[in-house]
Amino acid sequence: MNGLDLGLIGNCCIAALIDIQGRILWCCLPRLDGDPAFNALLNQDADGEPAAEGLYAIDYDGLELATQRYLENTAVLKTVLEGRDGSQLEIIDFAPRFMHYGRIFRPATLVRVLRPLRGTPRIRVRLRPTFEYGSVTPAITRGSNHMRMVGPQFALRLTTDAPVSFIAEETWFLVEEPLTLVLGPDESLAEPVPEAGRSFLEKTVAYWRDWTRSLNIPFEWQDEVIRSAITLKLSTFEETGAIVAAITTSIPEHPDSQRNWDYRFCGLRDAYFVVHALNRLSATRTLEHYLRFIKNIAVAERNRLQPLYPLTLGSNPHETTVPALRGYRGMGPVRVGNDAYRQVQNDVFGSVVLAVTQCFFDRRLHMEGQQQLYASLKPLGEAALASYDTPDAGIWELRTRKAVHTFSALMCWGAVDRLARIARRLGEKEDERSWREAAGTIREAILARAWNDRLQSFAATFDG
């Protein structure tokens with residue numbers, strides 16, 4: 001039975017989820033919001049057993065025990081499979097990420113390194129991607145050291161030093177020496193497979209350990225904080241600066257609820273929390289990349305904001321369902337796109353302004369054009385003032401009713417309050433006075449309309 005206790009690997013371009021048996025059950029290509037070539041996580045029976053297609057499995061003959069952990073302070077996952085005969089196989093899974101020619105190298109590539117640890121493990125590789133959300137089985141072609149899986153929109157190439165015929169025909173075979181499997185775009189590998197795998201692994205481990213070394217964290221709970229920070233980092237789509245709310249779609253909020261939403265988009269509220277958390281750890285580059293994303297939104301939208309945006313700011317993510325996938329534990333529907341982008345969620349004005357406020361005060365961030373950035377934020381502050389006491393869907397993203405939500409009003413206050421501070425920083429005294437008056441207006445409304453005397457606490461909605 002398969003649950004959601006899954007290992008996560010990625011490189012800020014793609015991400016993959018791997019279960020305790022070393023099966024890749026979820027991976028969208030060629031980016032975080034792409035077509036899930038590996039989609040078995042959303043094609044399961046009621047007991048959680050995945051379908052035979054849409055996965056990338058290393059089956060172990062006589063499997064008795066499986067353990068899994070990350071290499072320390074990295075996004076590299078190690079799975080150890082042990083057979084009843086005492087044999088052991090180590091699987092190292094990662095997506096390459098490191099500096100190359102002065103820039104980050106983060107290809108849409110998965111690397112698996114298989115190492116026999118004890119005895120002679122006997123395995124079978126089942127490499128079964130599907131395309132178009134499980135509806136298309138790829139055509140397979142082979143070369144001497146590779147096989148190609150060709151779909152309607154793109155093709156995958158596996159380059160390996162394992163026998164290609166064994167993999168293509170899913171033959172059981174013995175692992176007597178280390179093997180490397182590189183799965184990615186349909187491009188030739190520039191160096192021998194073992195050397196490429198070894199080099200990619202060493203450089204990727206070094207990158208993540210350098211990154212975690214730069215984090216500013218206390219001594220308490222370091223393991224948990226570091227792992228959480230890496231997970232948040234893997235939720236970023238670095239090319240545009242967007243941050244996905246989650247790398248999956250259609251995991252039910254609770255069993256049989258049909259509240260199966262696609263979260264592979266940049267939700268402005270979620271992105272604020274990610275940026276805020278990483279900033280507190282001194283991982284400020286995520287903010288700098290996200291700022292680039294926000295600038296493009298602010299210029300295009302002026303005085304309105306959607307709750308979520310596609311990672312490349314292209315077409316809005318209209319919501320549909322796909323029939324080819326049964327859903328997690330058979331609990332469909334599987335949704336692609338998210339109609340929440342149509343909703344009114346007034347807290348997003350605060351989410352954006354609060355996220356970028358640090359740019360005006362943190363001396364570590366070398367950023368020019370502060371006046372221009374401030375000018376692009378002003379319409380959002382004006383919209384926050386106009387919207388704080390108007391009904392919206394709230395943080396619960398209600399699709400059937402609206403109310404004046406206290407949290408939304410509070411975030412609108414946060415937007416104008418921070419703009420007052422920014423105006424003061426920039427010497428805009430008249431603006432500062434205006435924003436402070438606006439913040440006072442919203443504050444008084446919250447205190448007057450959201451406080452519940454009987455409960456001696458703030459209500460979720462105004463006059464609630």
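When a residue number appears, it is its place in the shown sequence, counting from 1. Because only heavy atoms are used, hydrogens play no part in the values below, and waters and symmetry mates are left out as well, while side chains stay in.
A donor-acceptor contact shorter than 3.5 Å is absent between the side chain of Gln306 and the backbone of Leu268. Using a distance-only test at 3.5 Å, with no hydrogens or angles considered, a donor-acceptor pair links the side chain of Asn11 to the main chain of Pro96.
Using a 4.5 Å cut-off on side-chain heavy atoms (C-beta onward), Met331 and Ser257 make no contact. Side chains of Val352 and Tyr272 form no contact here, defined as non-hydrogen atoms less than 4.5 Å apart. Looking only at side-chain heavy atoms (C-beta outward), Glu319 and Trp261 come within less than 4.5 Å of each other. The closest side-chain heavy-atom distance from Leu8 to Leu17 is below 4.5 Å. Side-chain contact check for Ile422 versus Leu426: some heavy-atom pair is nearer than 4.5 Å. Side-chain contact between Ile395 and Arg269 is present, with heavy atoms from C-beta onward closer than 4.5 Å.
Ring orientation note: the planes of Phe98 and His100 are nearly perpendicular, at an angle over 60° on the 30°/60° scale. Ring pair Phe105/Phe200 is tilted by interplanar angle, where 30° to 60° counts as tilted. Classification of the Trp451-Phe458 ring pair by plane angle, with boundaries at 30° and 60°, yields perpendicular.
In summary, Arg436 and Glu432 engage in a salt bridge, as defined by a charged side-chain N under 4.0 Å from a carboxylate O.
For the side chain to side chain donor-acceptor pair (under 3.5 Å) with Arg112, the qualifying choice from Thr180, Asp93, Thr160 is Asp93, the only one to do so.
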Derivation and outcome, salt bridge (Lys or Arg N to Asp or Glu O under 4.0 Å), residues Glu428 and Lys378: CA-CA 12 Å; Glu428 301 284 350; Lys378 288 173 65 174; over 6 Å; no
